> 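Structure incoming, see below.
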2 protein chains.
Amino acid sequence: MISVILARPENPENIGLAARAMKNTGFRDLRLVGIRRIRVKAFASAVHAADILEGARLFPDLPTAAADLQVVFAATARPRSNFPALTLEAALAKIAAYPASTRIGLLFGNERTGLTTEEMRSSTFRFSIPQAGRQPSYNLAMAVLLTLFPLFMAGAAAGSGTPVSSAAAAPPLPRAEQDAVIERILAILGERGFLHDTNRRHVTDVVFELFGRLAMTAKDRNLLLAVFHKGAGARAADGGRRGRAPSLKEL
Amino acid sequence: MISVILARPENPENIGLAARAMKNTGFRDLRLVGIRRIRVKAFASAVHAADILEGARLFPDLPTAAADLQVVFAATARPRSNFPALTLEAALAKIAAYPASTRIGLLFGNERTGLTTEEMRSSTFRFSIPQAGRQPSYNLAMAVLLTLFPLFMAGAAAGSGTPVSSAAAAPPLPRAEQDAVIERILAILGERGFLHDTNRRHVTDVVFELFGRLAMTAKDRNLLLAVFHKGAGARAADGGRRGRAPSLKEL
């Protein structure tokens with residue numbers, strides 16, 4: 001199941017055009033982050049897709065909006081060093097490889113700023129849509145459409161009934177549970193004295209990117225928590241090395 | 001070479017978004033039919049694609065706008081009985097089969113009405129972009145982008161230098177010359193008493209569709225004109241059958 005998340009969209013007409021693009025391609029779940037209400041202008045540009053806007057859910061922040069999703073693909077025109085990006089084609093191939101029941105989010109940032117680094121942390125993967133020159137980037141609703149259209153053509157639209165893949169891999173956890181594991185790992189790193197003021201932001205990004213990319217299953221979670229907790233415990237029993245900060249390479 | 005033609009676009013923001021989509025995908029030749037000037041709002045939505053708008057050419061009517069083009073693909077959400085439509089995919093495959101030097105037009109109609117039947121006559125082929133439901137149709141600029149993006153990805157953008165095909169077939173004539181042949185055929189049909197008030201519109205559509213679909217080369221023109229002229233002459237010499245109207249099947 002595919003959800004579209006718009007983070008802090010500025011222009012109501014773009015929200016309407018994105019809703020229209022979703023309706024055109026058969027997708028229904030629209031999530032809007034950081035806006036108080038959907039303005040009338042959005043309904044004007046949505047044309048016959050008012051039902052998508054009426055069904056849209058508003059969230060105060062991105063982690064809440066993405067909490068139940070299992071895999072989140074974030075569109076970015078501007079790759080960030082800590083968050084490597086796939087091509088659109090590679091992202092579509094990854095999406096196709098998940099079972100159709102997987103709750104997948106497609107995340108698009110603000111028209112002017114794109115996604116902040118903090119917003120990137122809620123993503124499993126990033127992707128960029130190829131373009132001919134550096135400027136201008138794709139209009140927000142256009143980027144939504146260019147991502148949804150090939151998914152629609154591949155039969156991934158809601159209610160199409162066509163399983164995107166028959167792969168029977170274990171499903172990723174809801175994003176909120178993945179986030180909780182990552183936060184726990186960061187807390188353990190903090191307890192070990194690994195995080196300090198000068199590296200906190202960078203290490204947080206890197207840890208989110210690394211463990212986010214796992215699209216963590218329940219089994220992954222158990223293993224990770226065991227490794228971090230027991231690893232710490234074993235070291236404590238192993239001669240007071242509990243306080244040692246692991247190097248980044250050990251992650 | 002790919003040109004984008006917007007016939008009677010109503011909303012200046014759509015003109016700007018279409019220009020932006022062209023810039024995103026590396027296409028430059030924009031032709032606008034039936035508008036007097038490009039309004040300021042178009043420049044606002046074009047963002048960093050003002051140069052596309054500044055280079056756009058305005059034409060009073062579609063045959064003039066398409067005169068130098070060799071093959072014209074018209075986008076239509078609503079197939080017309082006399083003008084069968086391809087899928088987007090099939091249209092893209094046809095475009096890819098022409099040599100890169102072919103002057104190809106992509107024609108998009110008015111936001112509310114789409115293309116009129118008369119405008120259809122300027123097209124070699126029609127195509128429809130698949131959509132999930134009947135309503136709403138794609139936004140005008142979105143339809144432009146969905147057509148241009150795969151062409152861009154296939155390397156058909158201006159200046160990409162990649163030949164779209166190595167086929168060495170004879171090039172189609174400019175559309176104005178193709179139109180002149182079709183008009184000549186219609187005139188011959190008129191002289192033969194084949195056209196009358198009740199069928200003129202339908203036969204004109206059918207003749208335009210049939211001979212338009214040929215994407216007529218210079219050789220095709222010679223053959224067609226010979227067939228129609230000499231056919232008429234031969235019949236005249238063949239015992240006064242000149243005035244006989246050929247049935248549609250003979251076409």
Side-chain angles (χ1 to χ4, degrees), chain A residues 2 11-14 16-28 41 43-53 77 87-89 92 111-112 128-160, chain B residues 2 11-14 16-28 41 43-53 77 87-89 92 111-112 128-160:
Chain A
I2 307 269
N11 182 338
E13 279 154 358
N14 282 339
L17 283 173
R20 180 171 172 179
M22 290 176 66
K23 183 91 176 183
N24 288 147
T25 49
F27 297 91
R28 301 200 58 80
K41 274 189 173 176
F43 284 89
S45 64
V47 193
H48 294 280
D51 56 323
I52 304 288
L53 291 181
T87 64
L88 171 62
E89 198 177 2
L92 294 170
E111 291 94 330
R112 283 182 305 108
S128 291
I129 304 177
Q131 57 178 69
R134 285 197 59 191
Q135 287 282 3
S137 61
Y138 287 100
N139 162 277
L140 171 58
M142 297 277 193
V144 171
L145 180 61
L146 284 178
T147 311
L148 292 182
F149 185 76
L151 292 170
F152 162 57
M153 293 303 286
S160 72
Chain B
I2 306 269
N11 183 337
E13 280 153 357
N14 282 339
L17 283 173
R20 181 170 172 179
M22 289 175 67
K23 184 92 177 180
N24 287 147
T25 50
F27 297 92
R28 302 199 56 82
K41 275 190 174 177
F43 284 89
S45 63
V47 194
H48 294 281
D51 56 323
I52 305 287
L53 290 181
T87 62
L88 171 63
E89 200 179 359
L92 293 169
E111 291 92 333
R112 284 182 304 108
S128 291
I129 305 176
Q131 58 179 68
R134 285 197 59 192
Q135 287 283 1
S137 61
Y138 287 100
N139 163 276
L140 172 58
M142 297 276 195
V144 171
L145 179 62
L146 284 178
T147 311
L148 292 182
F149 185 75
L151 292 170
F152 162 57
M153 292 303 286
S160 72

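Predicted model, so just to flag it, every value in this text is computed and none were measured. The chains referred to below are lettered A, B, ... by the order of the sequence lines, with proteins before strands, and numbering in each begins at 1.
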> Can you tell me which portion of Leu17(A) sits under 4.5 Å from chain B's heavy atoms? Options are side chain, backbone, both or neither.
both
> Contact between Leu88(B) and Phe149(A) at the side-chain level, heavy atoms closer than 4.5 Å - yes or no?
yes
> Taking all heavy atoms of Gln135(A) and all of His48(B), pick out the closest pair and write down the distance.
OE1-CD2, 3.3 Å
> Ignoring hydrogens, what is the shortest heavy-atom contact between Phe152(A) and Gln131(B)? Give both atom names and the distance.
CZ-C, 3.4 Å
> For the CG atom of Leu148(B) and the CG atom of Leu146(A), what is their distance to the nearest 0.5 Å?
10.0 Å
> Quick one: of Ala49(B), Ser45(B), Ser137(B), who has the most non-hydrogen atom pairs under 4.5 Å with chain A?
Ser137(B)
> Between Ala21(B), Gly133(B), Pro150(B), Pro130(B), who has the most heavy-atom pairs with chain A when the cutoff is under 4.5 Å?
Pro130(B)
> Got a sec: does the CD of Glu89(A) have more than 12 other heavy atoms crowding it under 6.0 Å?
no
> For Ala132(A) and Gly26(B), work out which heavy atoms get closest and say how close.
CB-N, 3.2 Å
> Please determine whether side-chain contact (heavy atoms from CB on, under 4.5 Å) holds for the pair Glu13(A) and Glu13(B), giving the CA-CA distance in whole Å, both sets of side-chain angles, and the decisive distance to 0.1 Å.
CA-CA 10 Å; Glu13(A) 279 154 358; Glu13(B) 280 153 357; 4.3 Å; yes
> Which value, rounded to the nearest 0.5 Å, describes the distance between Asn139(A) atom CG and Met142(B) atom CE?
6.0 Å
> How far apart are the closest heavy atoms of Ala46(B) and Pro136(A), and which atoms are they?
O-CG, 4.5 Å
